[in-house]
Each structure stands twice: as structure tokens, then as C-alpha cells.
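Sequence lines set the chain letters: A, B, ... in the order given, protein chains first and strands last, and positions in each chain run from 1. These numbers come from a predicted model, not from an experiment.
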2 protein chains.
Amino acid sequence: MTGTRPLRADAARNRDKLLVAATQVFGERGIDAPLEEIARRAGVSIGTLYNHFPTRQAFFDAIFPERLAALDRMAAQALADPDPWNGFVGFLHALFALQAQDHGLNDALARRFPVTGEANDACHSGLTQLDRIIERAKESGQLRDDFEPQDLATLVWAMSQVIREAMEAAPQAWRRCLAFFLDGLRAGAAHPIAVPALTTVQLAEVTRASANRT
Amino acid sequence: MTGTRPLRADAARNRDKLLVAATQVFGERGIDAPLEEIARRAGVSIGTLYNHFPTRQAFFDAIFPERLAALDRMAAQALADPDPWNGFVGFLHALFALQAQDHGLNDALARRFPVTGEANDACHSGLTQLDRIIERAKESGQLRDDFEPQDLATLVWAMSQVIREAMEAAPQAWRRCLAFFLDGLRAGAAHPIAVPALTTVQLAEVTRASANRT
DNA sequence: CATGAAGCTGAGGCTTCCCTCGACTTAGGT
DNA sequence: ACCTAAGTCGAGGGAAGCCTCAGCTTCATG
């Protein structure tokens with residue numbers, strides 16, 4: 001399986017240049033940035049780009065896992081916090097700060113949260129821990145009881161748009177929006193909600209629909 | 001100024017067919033739907049489409065004002081409610097329900113809120129009343145004091161993405177997300193927020209940037 | 001340093017959408 | 001009935017992206 005020959009030196013160099021360029025370009029222009037711009041910025045022809053990364057998804061698989069691995073660390077940190085609410089809030093701040101730094105990641109999470117493909121593996125343990133973070137915050141009586149892990153998906157969608165719109169003119173705006181939202185998540189603030197959380201099936205459907213739209 | 005000759009009968013008919021088709025197509029496929037699809041669905045050539053509506057914006061100017069005029073009515077209703085909080089919440093529900101019915105309107109508000117162009121006039125009084133709705137809810141001690149009218153813009157951005165993503169699989173999902181948010185807007189739930197609201201200048205910048213992106 | 005495999009190149013075909021313009025058709029007045 | 005201004009048509013040129021492939025360059029191994 002892993003019987004792939006090692007890359008020739010120049011090819012390895014080009015691959016690296018492409019990854020650097022792709023990270024920049026997706027970061028600046030979002031997930032739909034033209035591949036030709038990546039090739040141009042890497043100083044490489046479009047053909048070479050396709051040699052190394054036959055599809056757009058191939059780039060994502062090479063770039064995002066590294067980014068998302070940070071979520072694992074953030075999740076661990078959150079669980080280590082003696083104050084479960086603090087941990088929960090800290091995790092969310094870290095997550096959205098990550099999105100705010102990178103148009104591409106922001107797009108990716110907006111459209112494909114929960115994450116699919118290679119990237120899934122990268123942050124899988126982070127997301128599993130997430131359930132625990134939420135559970136812990138509920139048990140401590142700080143997070144409202146009717147908040148479900150699936151509700152985090154809608155929060156990610158919501159914040160992604162605030163981040164996208166305000167990124168240039170007011171890069172901190174999302175923090176204020178999140179603060180309002182978080183105040184609504186405190187146990188003390190809770191009022192009954194008629195609409196149930198998304199089922200995991202619905203969530204999967206949304207993700208699939210979103211991916212097709214791409 | 002209004003010295004434009006009345007349209008010939010067949011031309012008027014075509015214009016109507018185009019408006020009907022445009023309303024449908026933008027509603028289903030969003031604000032970036034291909035104009036050629038509109039022409040096709042109207043049973044009219046692309047040339048005729050451009051005769052009547054030389055730009056995409058011309059369609060918006062013809063379609064959205066009518067829609068947004070509903071906001072006026074909604075705002076009046078909100079102000080008439082004896083319970084200011086109820087009025088405020090009712091207005092928001094009506095606004096987002098409107099967005100949830102129409103991909104095009106949802107896109108338009110997500111990218112250009114506050115609204116620009118002709119559409120501005122249509123809902124101008126609605127938006128002026130909005131300040132009053134917020135003011136009233138604050139005075140009654142139900143809406144938290146630090147909520148500013150500009151914060152509504154970020155809420156619209158946020159909800160627009162939730163609506164867009166979940167529209168097919170869970171058309172009601174936005175209601176749950178909004179409920180969490182609203183619980184955070186109640187005076188009793190308020191915790192101090194470090195980040196100030198957007199200035200009106202920033203808001204204008206965002207809108208301009210968004211429009212350029214189109 | 002010769003040679004074959006590995007890799008690079010970019011012109012060009014394809015698609016989708018935009019928008020224009022000259023040739024045609026028709027409504028509606030006389 | 002006829003005429004003409006008003007309106008319609010759709011081929012086609014243009015831009016932006018995607019992706020391929022035949023021919024060329026370069027690495028690295030003996």
C-alpha cells in the first residue's frame with residue numbers, strides 16, 4: 001500500500017511550494033479560490049499542480065488536518081480547566097479564533113461541519129472530547145440542560161457568517177456576537193425552547209447537501 | 001422624468017413573465033442564480049431579458065422592495081404590542097421567517113444588511129421603527145441595555161447562514177438557534193461584554209465590501 | 001556522462017455564465 | 001391594409017475556471 005516511491009527532490013520541493021501557496025491562497029480567498037492562482041503563486045505550472053493534487057479536495061486533505069489537530073489540544077485544555085464553563089467558553093473562543101484567521105478553514109467548517117474526509121480523522125478525538133466538555137459544563141450546572149452537541153453545528157454556521165462578513169472591517173465583531181449567544185447558554189438564562197435539536201441524521205443530510213453544492 | 005412611454009402590450013406581458021420567473025428562480029437558487037435560467041423559465045430570449053432588466057440589480061430593485069415593505073407592517077405590529085419584549089421577538093421571528101421562505105432575500109440580507117439601493121426606500125421606515133422597537137424593549141427593562149441596533153446586523157448575518165445551511169433538511173432549525181440567542185438578550189442574562197458594537201461606519205464598510213464581492 | 005524514468009510545461013478544449021448587436025417580427029395607429 | 005417604432009431574438013464574442021496531454025526538461029542511478 002505505502003509502496004509509493006519517494007518523490008524526486010525537485011518534485012518534493014514543488015509539492016512544498018504548492019502547499020505553502022495553497023495555504024496562503026485558501027486562507028485569503030476562501031475555499032473556492034481558483035487553483036490557477038495557487039499554481040501561479042507557487043511559481044509552478046497548472047499541470048504540475050494537478051500532478052500533485054488531482055482534486056481540490058486533495059489540497060484540503062493535505063492542509064486542514066494539521067490545522068484541525070489544534071482542536072485536540074484545545075479540547076484537552078478545556079477539559080483540564082477546573083471550571084467547566086470556563087473550559088467550554090475557552091474552547092469556543094479558540095475554535096472561532098482559528099476560523100477568523102483563515103477564510104478557508106472558516107468556509108470549510110461553515111459548509112462541512114461536522115467535518116468530512118481526511119480532516120475528520122485529524123480532529124476526531126477533539127470532537128469526541130467535545131461531547132465531554134459539554135457534558136461536564138452541564139453537570140456543573142453552568143450550561144443549560146437543553147443544549148445538545150448538535151447545537152454547536154448551528155453555532156458554527158452562524159458564527160462563520162459573522163466572521164466572513166466582518167473579517168475586514170471589524171475582525172473582532174464575532175466576539176461580541178458570541179458573547180450574546182453564550183449569555184443565552186447559561187443555565188440561569190434558559191427559557192424553554194419548542195424546537196428540538198437537529199437529529200444526527202439531519203445533520204448528516206445538511207453536510208451532504210452542502211458538499212454537493214460545492 | 002416620468003415621461004417614459006407606456007409599454008407596448010406584449011412587452012408588458014414579457015416584463016411580467018420575467019418578474020414572475022425571477023422571483024421563483026432567485027427564491028430557489030439564491031441571488032446568484034444565472035439570468036439565463038430566468039429567461040428560459042419566462043419563455044423569453046436572453047436579449048429580451050436584458051431589454052427589460054439591464055443589470056441583475058434592476059431585478060432586485062423590482063422584486064425586493066415589495067417583499068421588504070412587509071417589514072414596515074411587521075414593525076408597526078411590533079410597536080403596537082403591549083409587551084415590548086414580545087413585540088421585539090415577534091419582529092425578529094417575522095423577519096427570519098421571511099428570509100427562510102426565500103433564498104434570494106436571505107442572500108440579499110446576508111450580504112447587504114443594512115439594505116442598499118431601491119430596496120432601501122421600501123423598508124426604510126421599517127428600519128427606523130426598528131430603533132424604536134429596540135429602545136422600547138430596553139426601557140421596559142426586558143432587553144439588555146448594551147444591545148445596540150447595529151448588533152441586529154450581525155444577528156442577521158448569523159441567522160442567514162443557519163437558514164441557508166439547514167433550509168432543506170431542517171427548515172425550523174433557525175428557530176432553535178434564535179431562541180438561544182434571544183435568551184442571551186434578556187436583561188437578566190446580561191454579562192458585561194468587552195467588545196463594543198460595530199460603529200455605523202464599520203457597518204457601512206462591511207456592506208460595501210460585501211457588495212463588491214458580488 | 002549517458003540514459004530512462006520521473007516530472008514539468010502551457011496551449012488549448014471544455015463549460016458556464018455574462019452581455020451585445022444586427023436582423024427580424026409585430027403591435028397598433030392611420 | 002400598411003407602415004414604422006417598439007420590441008424580440010439568439011448567435012456569438014468574452015471572461016473565468018477547470019482539466020488534459022503531447023512534448024520537453026531534469027533528476028539520479030549505473
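Atom CG in A:Asp16 sits roughly 12 Å away from atom P in C:dC8 (whole-Å rounding). Taking atom CZ of residue A:Arg15 and atom C1' of nucleotide C:dA6, one finds them 16 Å apart after rounding to whole Å. Distance CZ (B:Phe53) to P (C:dC19): 15 Å, rounded to an integer number of Å. To the nearest angstrom, P of C:dC17 lies 14 Å from CG of B:Leu49. Across the protein-nucleic acid pair, B:Asp32 atom CG and C:dT16 atom P stand 17 Å apart, rounded to whole Å. Spacing between atom CG of A:Asn14 and atom C1' of C:dA6 amounts to 12 Å, rounded to whole angstrom units.
Under the ring pair (Phe, Tyr, Trp, His ring centres under 6.0 Å) criterion, B:Phe96 pairs with no residue, sequence neighbours left out. Taking the salt bridge (Lys or Arg N to Asp or Glu O under 4.0 Å) definition, one finds that A:Arg40 meets it with A:Glu37, sequence neighbours left out. With sequence neighbours excluded, the residues forming a side-chain contact (heavy atoms from CB on, under 4.5 Å) with B:Ala173 are A:Leu198, B:Ala166, B:Ala170, listed by chain and number. Qualifying salt bridge (Lys or Arg N to Asp or Glu O under 4.0 Å) partners for A:Asp81, counting only residues two or more places apart in sequence or in other chains: none. Judged as a side-chain contact (heavy atoms from CB on, under 4.5 Å), and not counting sequence neighbours, the contacts of B:Asn14 are B:Lys17, B:Val44, B:Thr48, B:His52. Shown here are the salt bridge (Lys or Arg N to Asp or Glu O under 4.0 Å) partners of B:Arg13, two or more places apart in sequence or in another chain: there are none.
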Next on the checklist: How would you summarise protein contacts on nucleotides 20-30 of chain C per nucleotide, using B for base, S for sugar-phosphate only and - for none, with heavy-atom distances below 4.0 Å?
Outcome noted: B-----BSS--

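The footprint of chain A on DNA chain D, defined by a heavy-atom cutoff below 4.0 Å, extends from D:dG17 to D:dA28.
The stretch residues 169-182 of chain B participates, sequence neighbours left out, in these salt bridge (Lys or Arg N to Asp or Glu O under 4.0 Å) pairs: A:Asp151-B:Arg176.
Place B:Pro34 and A:Thr48 on DNA chain C by their nearest nucleotides, and A:Thr48 ends up nearer the 5' end.
Note: B:Phe181 and A:Phe180 have tilted aromatic rings, judged against thresholds of 30 and 60 degrees for the angle between ring planes.
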